[in-house]
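Note that the numbering runs from 1 along the sequence shown for the chain.
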Amino acid sequence: MLEANTRRAALGATAPCQHRLVDGVTLAYDDRGTGPAVVCLHAIGHGASDFRSLGDALAAHRRVIAVDWPDHGNSSSDHQPASAARYEALLARLLDALALDDVVLVGNSIGGAAALRYAASHPDRVRGLVLVNPGGLDPGDGVAPIAIAAMVRFFAAGASGARWFPAAFAAYYRMVLPARAAAAQRARIVAAGTESARVLADAWRSFGEPSADLRALVPQVRCPVLVAWAVRDRLNQLRRCRPAIGRFANGRLETFAAGHAPQLETPEAFTASLTRFLAELPAW
């Protein structure tokens with residue numbers, strides 16, 4: 001049986017990867033290709049390898065950086081709990097350390113929320129923004145608080161060693177990433193599920209906080225925005241997020257027949273969409 005850290009590492013940046021120490025956390029990341037930088041930010045419980053095929057497609061003409069969040073992949077643990085706000089702060093320090101100030105951010109789920117926060121607070125440093133089923137755009141009303149609380153309890157039980165958790169987590173991820181193209185990555189995510197449970201519980205707890213609502217930041221984003229939405233997402237539903245998406249001044253929405261991560265589930269269509277978006281960016 002694989003050791004727990006090997007299971008987590010299998011999701012992360014490809015060894016030998018790059019490392020940077022930022023605010024007490026050693027962040028691992030892939031750094032491939034040359035040219036304008038595309039920085040990729042993964043969902044909670046995933047890793048930099050979510051963007052490996054995208055890097056293969058883009059690295060001939062772009063510099064593609066894919067980061068492992070703390071407690072993911074080959075990054076070290078954090079001294080603060082997971083949240084989009086924390087991840088934005090780490091992203092800002094990493095981009096400073098790499099001297100990157102004209103980037104395209106590609107963020108999935110909590111990675112999208114962190115990217116949105118950064119684009120709003122650093123408008124002169126982001127050339128384009130690609131939001132892939134991002135957090136923060138749902139109004140958070142109705143049953144949303146109940147669902148968030150249930151997910152926190154689910155992952156907290158996994159972190160506490162509940163014997164039923166591995167099978168339940170596997171069933172959950174068949175819903176999150178249902179497409180056959182994502183099967184191999186889904187298996188790696190499921191294998192690391194017990195190890196990831198604590199950070200998943202922390203992240204879901206943060207989703208219920210008032211600061212997780214990013215809708216007020218949308219008008220502050222000046223750069224072109226591609227919202228790439230997996231329409232089979234049962235938890236982060238497009239219909240609830242459409243009003244916020246419509247408030248991007250320079251945004252467009254494209255949809256994919258996927259559950260939460262089209263870069264894994266419909267990789268060819270997602271890469272084609274992103275490639276068109278990059279080609280349309282002015283003077284980049």
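For the pair Arg93 and Glu88, the salt-bridge criterion is not met [side-chain N within less than 4.0 Å of a carboxylate O].
Residue Gly193 comes nearest to Phe165 through the heavy atom pair O-CE2, 3.7 Å, listed as atom of the first residue, atom of the second, then distance. Between Leu27 and Pro70, the shortest heavy-atom contact is CD2-CD, 3.9 Å. Nearest heavy-atom pair across Leu131 and Ala115 is CD2-CB, 4.4 Å. Minimum interatomic distance between Ser53 and Pro267 (heavy atoms only, all atoms of both residues): OG-CB, 4.3 Å. Residues Val190 and Ala170 share a closest heavy-atom pair of CG1-CB, 3.7 Å. Residues Val218 and Ala244 come closest through the heavy atom pair CG1-O, 3.6 Å.
In this structure, the separation between CZ on Phe248 and CG on Leu217 is 9.0 Å, given to the nearest 0.5 Å. If you take CD1 on Ile44 and CH2 on Trp69, they are separated by 9.0 Å, rounding to the nearest 0.5 Å. Within the model, atoms CZ of Arg252 and CD1 of Ile245 stand 14.0 Å from one another, a figure rounded to the nearest 0.5 Å. Here Thr271 contributes atom OG1 and Arg276 contributes atom CZ; the two are 10.5 Å apart, rounded to the nearest 0.5 Å. In this structure, the separation between CG on Leu58 and CZ on Arg32 is 9.0 Å, given to the nearest 0.5 Å. Note that the CZ atom of Arg247 and the CZ atom of Arg215 stand 8.0 Å from one another [nearest 0.5 Å].
No donor-acceptor pair closer than 3.5 Å links the side chain of Asn74 to the backbone N or O of Ala28. A donor-acceptor contact shorter than 3.5 Å is absent between the side chain of Glu265 and the backbone of Leu177. The backbone N or O of Ser206 sits nowhere less than 3.5 Å from a side-chain atom of Ser83 that would complete a donor-acceptor pair. With hydrogens and angles ignored, the 3.5 Å screen pairs a side-chain donor or acceptor of Asp68 with a backbone N or O of Ala48. At distances below 3.5 Å, not a single donor-acceptor pair connects side-chain atoms of Arg127 with backbone N or O atoms of Leu281. In this structure, Ser273 contributes its side chain and Ala269 its backbone to no donor-acceptor pair below 3.5 Å. Between the side chain of Arg7 and the backbone N or O of Ala191 there is at least one donor-acceptor pair closer than 3.5 Å. Between the side chain of Ser75 and the backbone N or O of Asp71 there is no donor-acceptor pair closer than 3.5 Å. Within the 3.5 Å criterion, the main-chain N or O of Gly45 finds no donor-acceptor partner in the side chain of Arg8. Side-chain N or O atoms of Arg125 include one that pairs as donor or acceptor with a backbone N or O of Leu100 at under 3.5 Å.
Side chains of Asp138 and Gln237: no donor on one and acceptor on the other come within 3.5 Å. In this structure, a donor-acceptor pair under 3.5 Å is present between the side chains of Thr14 and Arg52. Side-chain contact of Gln18 with Asp30: a donor-acceptor pair under 3.5 Å is absent, judged by distance alone.
A 4.5 Å side-chain heavy-atom check between Val231 and Asp233 finds every atom pair outside the cut-off. Within the 4.5 Å cutoff, the side chain of Leu94 has no heavy atoms near those of the Val39 side chain. Here the side chains of Asn108 and Gln263 are in contact, with some heavy-atom distance below 4.5 Å. Between Asn250 and Arg222 the shortest side-chain heavy-atom distance does not fall below 4.5 Å. You'll find the side chain of Val64 reaches within 4.5 Å of the side chain of Cys40, heavy atoms only. A 4.5 Å side-chain heavy-atom check between Arg174 and Arg186 finds at least one atom pair inside the cut-off. Using a 4.5 Å heavy-atom cutoff, the side chains of Val67 and Tyr87 are not in contact. A heavy-atom distance below 4.5 Å is not found between the side chains of Trp229 and Glu254.
The aromatic rings of Phe207 and Trp204 lie perpendicular to each other, with more than 60° between the two planes, well past the 30° mark. Ring pair Phe155/Phe169 is perpendicular by interplanar angle, where above 60° counts as perpendicular and below 30° as parallel. Ring geometry for His122 against Tyr118 counts as parallel: the plane angle stays under 30°, on a 0 to 90° scale with 60° as the upper cut.
More than 12 heavy atoms of other residues, nucleotides or ligands lie within 6.0 Å of NE2 in His19, so this atom counts as buried by the packing criterion. The number of heavy-atom neighbours closer than 6.0 Å to CZ of Arg234, taken from other residues, nucleotides and ligands shown, is 12 or below.
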- Item | Full working for side chain to side chain contact (heavy atoms under 4.5 Å, CB included) between Asp102 and Asp124 | CA-CA 8 Å; Asp102 189 23; Asp124 297 329; over 6 Å; no
- Task: Please assess Thr275 against Phe270 for the test side chain to side chain contact (heavy atoms under 4.5 Å, CB included), listing each intermediate value before the final yes or no.
- Result: CA-CA 8 Å; Thr275 300; Phe270 179 79; over 6 Å; no
- Stepwise side chain to side chain contact (heavy atoms under 4.5 Å, CB included) check, Leu105 with Leu91: CA-CA 10 Å; Leu105 298 177; Leu91 173 64; 4.2 Å; yes
- Task: Could you walk me through whether Val38 and Ile65 pass the side chain to side chain contact (heavy atoms under 4.5 Å, CB included) test, one step at a time?
- Result: CA-CA 6 Å; Val38 178; Ile65 297 169; over 6 Å; no
- So Asn133 and Asn236, side chain to side chain donor-acceptor pair (under 3.5 Å) or not? Walk me through it. CA-CA 7 Å; Asn133 290 57; Asn236 194 15; over 6 Å; no
- Task: Just do the salt bridge (charged side-chain N to carboxylate O under 4.0 Å, His left out) check on Arg86 and Asp23 with the steps written out, would you?
- Result: CA-CA 11 Å; Arg86 174 58 176 163; Asp23 195 23; 2.6 Å; yes
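Outside the 6.0 Å centre-distance limit, the rings of His46 and His72 are not counted as a close aromatic pair.
Note on Ile146 and Tyr172: separate hydrophobic clusters, where clusters join Ile, Leu, Val, Met, Phe, Trp and Tyr whose side-chain heavy atoms are under 4.5 Å apart, directly or indirectly. Residues Tyr173 and Met175 share a hydrophobic cluster, clusters being chains of Ile/Leu/Val/Met/Phe/Trp/Tyr side chains in contact below 4.5 Å. Val143 and Phe154 fall into different hydrophobic clusters, where Ile, Leu, Val, Met, Phe, Trp and Tyr are joined by side-chain heavy atoms under 4.5 Å apart, directly or via other members.
The only option from Arg188, Gln185, His42 that meets the side chain to side chain donor-acceptor pair (under 3.5 Å) definition with Ser49 turns out to be Gln185.
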